Amino acid sequence: MPYWLMKSEPDELSIHHLQKLGRARWDGVRNYQARNFLRSMQESDLFFFYHSSCPEPGIAGIARIAGPTYPDPTALDPQSPYHDPKANAEKNPWSALDVEFVEAFEQVLPLARLRDNPALVGLSLVQRGSRLSVMPVSEAQWQAILAMR
DNA sequence: GCCAACGTTGGC
DNA sequence: GCCAACGTTGGC
């Protein structure tokens with residue numbers, strides 16, 4: 001079963017917010033590479049929930065893919081910050097899916113510590129200049145990160 | 001707020 | 001198809 005890592009700004013959706021909700025829509029992905037990873041996900045895949053653009057960037061917990069992708073409604077909503085003026089109901093290039101809460105780490109696993117782990121040099125997250133918001137995580141990387149909690 | 005790095009856009 | 005200009009991401 002594949003593993004993933006997805007970034008969210010905690011102001012928008014944090015792991016604790018997801019814990020309260022139980023389930024939420026993962027939307028607003030506006031990068032084709034990230035979108036393609038979204039589309040290759042399967043229900044019940046697990047992913048690390050990463051907090052970005054915040055005082056303590058790092059992995060904050062684990063969540064699960066709750067179903068298949070569907071057209072991202074925020075692309076069609078003129079009120080949404082993710083509105084795409086080139087998208088319409090017939091042709092919406094963007095995908096969203098639902099996710100379920102699994103676990104919140106007691107402490108956020110900081111990006112700086114992830115960078116220090118030699119087992120994670122191949123992870124897109126810690127590579128120089130990488131801005132990918134959805135990425136695959138290998139089994140070995142998954143286990144290495146779990147062991148750092 | 002700064003800025004490096006990357007992705008996208010659009011003129012040619 | 002090239003590439004300069006611009007916009008965005010995201011850590012610091």
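Predicted model, so just to flag it, every value in this text is computed and none were measured. Throughout, a chain's letter reflects where its sequence line sits, starting with A, and its residues are numbered from 1.
- Closest to the side chain of K7(A), out of dC6(B), dG11(C), dG10(C), is dG10(C).
- Nearest to the side-chain atoms of K86(A) among the listed nucleotides dG11(C), dT8(B), dT9(B) stands dT9(B).
- Distance L114(A) CG to dC12(C) P: 11 Å, rounded to the nearest Å.
- The base of dT8(C) does not come close enough to the side chain of R30(A) for any donor and acceptor atom to sit less than 3.5 Å apart.
- Looking at residues two or more places apart in sequence or on another chain, you find no side chain to side chain contact (heavy atoms under 4.5 Å, CB included) involving D116(A).
- As rounded to whole Å, 14 Å separates atom P of dG10(C) from atom CG of D11(A).
- The CG-C1' distance, from L125(A) to dG10(C), rounds to 11 Å in whole Å.
- Atom CE in M6(A) sits about 14 Å away from atom P in dG10(C), given to the nearest Å.
- If you take NE2 of H51(A) and P of dT9(C), they are 18 Å apart, rounded to a whole angstrom.
- In this structure, CG of L132(A) is placed 16 Å from C1' of dT8(B), rounded to the nearest angstrom.
- Side chain to side chain, R30(A) and T74(A) meet the donor-acceptor criterion of an N or O pair below 3.5 Å.
- Here dG10(C) is the nucleotide among dG10(C), dT8(B), dC12(C) with the atom lying nearest to any side-chain atom of R131(A).
- One can place CD of Q33(A) at 14 Å from C1' of dT9(C), the figure rounded to the nearest angstrom.
- For H83(A), the NE2 atom is densely surrounded, since the number of other residues' heavy atoms within 6.0 Å is greater than 12.
- Per the geometry, OH belonging to Y32(A) stands 16 Å off P belonging to dT8(C), to the nearest Å.
- Neither OP1 nor OP2 of dT8(C) sits under 4.0 Å from any side-chain N or O of Y82(A).
- Between W94(A) and Y32(A), the distance separating the two ring centers is shorter than 6.0 angstrom.
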